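A quick note: this is a predicted structure, and the numbers were derived from the prediction, not measured. Throughout, protein chains are lettered first and strands after them, A, B, ... in sequence-line order, and every chain is numbered starting at 1.
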Amino acid sequence: MRLDARPIAQSAGPAQFVQILADPVGSPYLRRPFSFLRVDRDAGWFEIYYDVIGPGTRRLQEARPGDAFNALGPLGRVFDPPEGHLLLVAGGVGIVPLAFLAWDHPERRLSTTLLMGANTATRLPDLDALLPADLVRHVSTDDGTTGHAGFVTDLIEQHATPTTAVLTCGPHAMMARVAQITAELSLSCYASLENHMACGFGACVGCVVEYRESDREDERYRRVCLDGPVVDAHGIVW
Amino acid sequence: MRLDARPIAQSAGPAQFVQILADPVGSPYLRRPFSFLRVDRDAGWFEIYYDVIGPGTRRLQEARPGDAFNALGPLGRVFDPPEGHLLLVAGGVGIVPLAFLAWDHPERRLSTTLLMGANTATRLPDLDALLPADLVRHVSTDDGTTGHAGFVTDLIEQHATPTTAVLTCGPHAMMARVAQITAELSLSCYASLENHMACGFGACVGCVVEYRESDREDERYRRVCLDGPVVDAHGIVW
Amino acid sequence: MDMTVDIGGGLRLRNPVLMASGTFGHGAEYQGLFDFAHIGGVVTKTITRHPRAGNPPPRTAETPSGMLNSIGLTNPGLEGFIAEKLPQLSDLPTARIVSIAGTSSEEFAEMAEALCEHGGFDAIELNISSPNMKDGGMLFGCREDSARDVTRAVKDVADLPVIVKLTPNVTDIVAIANAVEEGGADGVALINTLLGMAIDIESARPILGNVTGGLSGPAVKPVALALTWKVASAVGIPVVGMGGISNATDAIEFMIAGANAIQVGTATFVDPLAGPNTVDGIIDYCQRKEIVRVAQLTGSIALP
Amino acid sequence: MDMTVDIGGGLRLRNPVLMASGTFGHGAEYQGLFDFAHIGGVVTKTITRHPRAGNPPPRTAETPSGMLNSIGLTNPGLEGFIAEKLPQLSDLPTARIVSIAGTSSEEFAEMAEALCEHGGFDAIELNISSPNMKDGGMLFGCREDSARDVTRAVKDVADLPVIVKLTPNVTDIVAIANAVEEGGADGVALINTLLGMAIDIESARPILGNVTGGLSGPAVKPVALALTWKVASAVGIPVVGMGGISNATDAIEFMIAGANAIQVGTATFVDPLAGPNTVDGIIDYCQRKEIVRVAQLTGSIALP
Ligand SMILES: Cc1cc2nc3c(=O)[nH]c(=O)nc-3n(C[C@H](O)[C@H](O)[C@H](O)COP(=O)(O)OP(=O)(O)OC[C@H]3O[C@@H](n4cnc5c(N)ncnc54)[C@H](O)[C@@H]3O)c2cc1C
Ligand SMILES: Cc1cc2nc3c(=O)[nH]c(=O)nc-3n(C[C@H](O)[C@H](O)[C@H](O)COP(=O)(O)OP(=O)(O)OC[C@H]3O[C@@H](n4cnc5c(N)ncnc54)[C@H](O)[C@@H]3O)c2cc1C
Ligand SMILES: Cc1cc2nc3c(=O)[nH]c(=O)nc-3n(C[C@H](O)[C@H](O)[C@H](O)COP(=O)(O)O)c2cc1C
Ligand SMILES: Cc1cc2nc3c(=O)[nH]c(=O)nc-3n(C[C@H](O)[C@H](O)[C@H](O)COP(=O)(O)O)c2cc1C
Ligand code: FES
Ligand code: FES
């Protein structure tokens, strides 16, 4: 889905997201957060990509060309990928922010590898449509219908170098496993979290994640929408 | 707006209405009642005509050809017009059920006269589109921009015969005035009420109107959706 | 699959879905729309000792995801009900619960006794919680002592199960639930409507003729669910949950929270088949989850 | 047109629109989005004596036309607030109200005294009504005696206006409002959230990490309006109304019902400009209705 919104497109950076009001009349009531898939800063548009799962995404799906939506963004911190080899580990629509990183840093694509997991082949999104053509990718399915048979996390070790940094986005259980494996391999690891959000602004303190260490009691839980969405995967309690 | 709904169209009669769910996801929450404007029992469709005033009618307006709505009907009692001359007195969208009566009883059109009032010419609906061509009509506007200058109720006396029956539908104040004038002229008068409805079924007892006389306390207020929508205008408390 | 549930005093329902008081007329309005044998039972509009006209219109107002009503217990009174409505009700092929409200414990007991003598129904629901009755209706439900007393007075004379319906408009609904359990209630039902209001800013007038009314519908579901969980965790008698239930998902939430059965109210206005569709959805869920007795859902909440 | 309103203790607001506690951070989050001089004032997230981490996530859940939250008063504590947040707050070009909650009257008073000594803000809001504080936060607001005592304890030491924020989760909110007025409150604010809950039927787990939470948003507006009307009709001090206000129409309803000012809460999450847009809408309405002082709206309800 492509939306024309020059101010948002012009300032959007990797890992940031946009809060979209799916229905101006209030059903569903809250905005829905979506990662950027691609932006064209000159043309002034951005694209999102989503799974239809509930009332909000259903309203978006019903949209027809020319419809207007109220969108707020870009929100969250821009993720600046560290130097060196980057391993992107995606599950489901978690591929979206990772794809945007690849789109937005063409110079990094040669030193980037994407691993994508799904239950079964038919649940895989159309990677050719979502990813730059020159991004190396490896696929796994739990049932072996395509690619590696097993979890996508099985592929991490073989595709990592000692200085690889891992960035993951996907289901909670997958990201937790990525964090664990990268810890065992002593790799740095970042996770792009998709906690449930009310405001997306830092105002409600609802979207928090628990940090392993914090100086003060009130900093034990921190806001994903402001501190993240990308966090150090080894710094939080999974 | 035309809706295909064979079971509803086939059984719809004058003064009946349909309860339409403007939004399946619940905003607005309740159904909205609309009178039939025309039905084609063979083709299996009915038409409604509405003013856009709030969230429900706005959703209907946004509909595009092919969209589906959940509609419940026909509800209410069929109005069987008495013999003799019939005077229809309409204000605003109150014209809809009166137009349907004229559409549905072609044999009565020659003995029927429609009076239509509005604030000003631009507020008048397109009568040629709404009414059968052979229905005699007279228009009034409060500001005299077209037709009689003044209230539509001023026209009643000159268009009534001693045996005329009056049927009115429109704003509360207009109908109350029609009731008063017809009482003075000793004419029978029926009003098609548009009370706020929750269920439209007789279940909530919300849409009531107060009757002047009732045998029992619990019958003082009666349900417009079941007892009406057409009631004896001289039998209720305006 | 076993869909039956007990809601107290030996009353066993075919399935856990009842139609809530005041939202289903006396049943007749919905006849022909579906087979009543498909639902667990119906609760009548509340009956009072004498006929009541109810409150002046407007009586309903829409609110975000809900509605306000100030019907005011329009009803034909005890004699009128027995003569005109009860025969029809008795014929329904499902559990029939008669809701009553009185202005004193004595009046409650008098009505319960007369109804039980007449028979032709399965249980009594005591409405001690209507916000639309000026002469004390809700006060019974706001205080432990009066709630206990009115329950006991009815139990002393009634030979049918007695379910007491509670108001959410109190500081401590658990205390009231405990009190009616002490008073001998066979079960509790909750929630009745929340007190609410709406104003038309053009005229500065309240939208309801009665100024305030009762809020119901999906808007109140989170409140109803919290109170159902609290009460179910505290009492030893069956709990009938309601408030904003529109479909099987909602109904199952209440059962997981501790309800033995549920009632569908306002949702019927939006979809007359909300009741039977809820039954079907619960069956689907149980099949998918391989639950053999729907009663296993009750109180199955997994707390953190 | 005169948009100023008094909300007690001599505090005069530029206009009747405040941003509600807990929905506006400490103001900084919204800086840059609009000019704070455009709104009547801001109320901080509630501060406690000691830093609090808050409740385990998930902390929010969407509900029909509303949301549940179980944030649990995450805050840096009194010292942390004074050192880190108060300086920024003090710079805001609008009325600044600090919300506090304690576990005893003494703690409330201690905090109020320390804050007043420090200065840099305009009034104190006593949160005796949070459903998300296990150690007694809400209990103060549920009983007349404790509500009166805590108010008096704070008034004895505070030299700034004290507004007491009430919970709707009580049988008789008017009695509580009268009690805090007796305790010396300069004004009352209402409502805080309604107790609510949501369950995920697939896992049978509560959606909120803390099981229950507070319901807010348009869903609660009818309840909030009814209680605002009841309280405003009963007390002699200014009333700040809130609960589900999303726009000027909602705000005007509360003022007609008797509120001197209003707060915009959850609506800010959906539309960060809900506050300033509400101000503009009230101005438009007053112009259209030829109302020269917005304060004339307060209590202008036309009862039948
Ligand atoms: C930073 C961020 C980026 C995201 N990017 C994408 C993306 O690029 N593509 C995509 O398909 N999805 C993305 N999501 C998830 C997406 O926001 C949810 O799928 C969407 O909100 C579901 O809304 P719904 O009304 O269709 O479904 P619902 O039935 O409302 O919800 C279904 C699921 O989505 C979650 N959800 C609902 N509302 C929110 C909310 N306000 N915030 C977070 N989670 C919510 C619920 O917890 C539930 O598990 C992102 C989430 C976050 C926080
Ligand atoms: C029997 C009957 C027949 C009607 N026929 C027509 C018709 O043919 N054409 C037409 O334009 N309008 C008709 N109406 C009125 C129509 O139902 C309302 O205009 C419509 O419901 C407004 O909905 P909304 O969401 O757009 O506006 P809202 O902002 O919700 O309401 C605007 C106005 O409509 C009234 N209204 C809202 N909901 C209802 C409801 N559930 N029942 C009754 N009134 C309501 C409100 O009191 C308010 O005055 C009829 C009403 C009834 C009862
Ligand atoms: C129009 C209407 C009338 C009602 N009348 C009664 C009544 O007579 N007796 C009663 O106990 N409850 C009455 N109720 C309350 C419902 O039975 C139910 O407790 C409440 O509406 C919450 O459930 P819901 O949200 O599913 O409607 C009424 C509710 C509505 C909406
Ligand atoms: C996320 C969230 C956090 C809140 N935190 C506080 C708080 O810290 N102190 C307080 O007094 N009220 C708090 N509230 C309650 C609001 O200030 C307000 O009383 C309530 O939400 C009703 O208004 P609304 O419907 O406009 O949000 C909070 C509400 C929400 C939604
Ligand atoms: S979503 Fe509100 S603080 Fe992050
Ligand atoms: S609309 Fe419910 S009884 Fe008429």
CA sep, side-chain torsions, deciding dist, call: D:L225, C:I199, side-chain contact (heavy atoms from CB on, under 4.5 Å) = CA-CA 9 Å; D:L225 190 65; C:I199 291 175; 4.0 Å; yes
Please flag which part of [X] lies under 4.5 Å from any non-hydrogen atom of chain D: side chain, backbone, both or neither.
| X | value |
| --- | --- |
| C:A224 | neither |
| C:S203 | backbone |
| C:L68 | side chain |
| C:V211 | side chain |

Nearest 0.5 Å, please: how far is [atom2] in [Y] from [atom1] in [X]?
| X | Y | atom1 | atom2 | value |
| --- | --- | --- | --- | --- |
| C:T23 | C:M242 | OG1 | CE | 9.0 Å |
| C:M67 | C:T63 | CE | OG1 | 8.5 Å |
| D:L195 | C:K230 | CG | NZ | 5.5 Å |
| D:E144 | D:D172 | CD | CG | 7.0 Å |

Search all heavy atoms of [X] against all heavy atoms of [Y] and return the closest pair with its distance.
| X | Y | answer |
| --- | --- | --- |
| C:V239 | C:G258 | CB-O, 4.1 Å |
| D:L208 | D:A61 | CD2-N, 4.0 Å |
| C:L215 | D:P222 | CD1-CG, 3.9 Å |
| C:P64 | C:A219 | O-CB, 3.5 Å |
| D:P168 | D:L227 | CB-CD1, 3.6 Å |
| C:C142 | C:T167 | SG-CG2, 4.3 Å |

May I ask you to decide if D:G40's main-chain N or O and D:N15's side chain share a donor-acceptor pair within less than 3.5 Å?
->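 Flag set: sc D:N15 to bb D:G40 pair under 3.5 Å.
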Heavy-atom contacts under 4.5 Å, [range] to chain D:
| range | value |
| --- | --- |
| residues 247-256 of chain C | C:T249, C:I252, C:E253, C:I256 |
| residues 263-289 of chain C | C:Y285, C:R288, C:K289 |
| residues 294-304 of chain C | C:S300, C:I301, C:A302, C:L303, C:P304 |

Check the pair D:T171 / C:R143 against side chain to side chain donor-acceptor pair (under 3.5 Å), numbers first and verdict last.
-> CA-CA 9 Å; D:T171 309; C:R143 292 181 42 185; over 6 Å; no
Test side-chain contact (heavy atoms from CB on, under 4.5 Å) applied to C:V164 - qualifying residues, sequence neighbours left out =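 If we apply the side-chain contact (heavy atoms from CB on, under 4.5 Å) test to C:V164, skipping adjacent residues, the hits are C:L126, C:I128, C:T151, C:V162, C:L166, C:V180, C:A185.
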Verify the distance criterion only: is there a donor paired with an acceptor across the side chains of C:S129 and C:N192 at less than 3.5 Å?
->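 On atom types as modelled, these side chains qualify, holding a pair under 3.5 Å.
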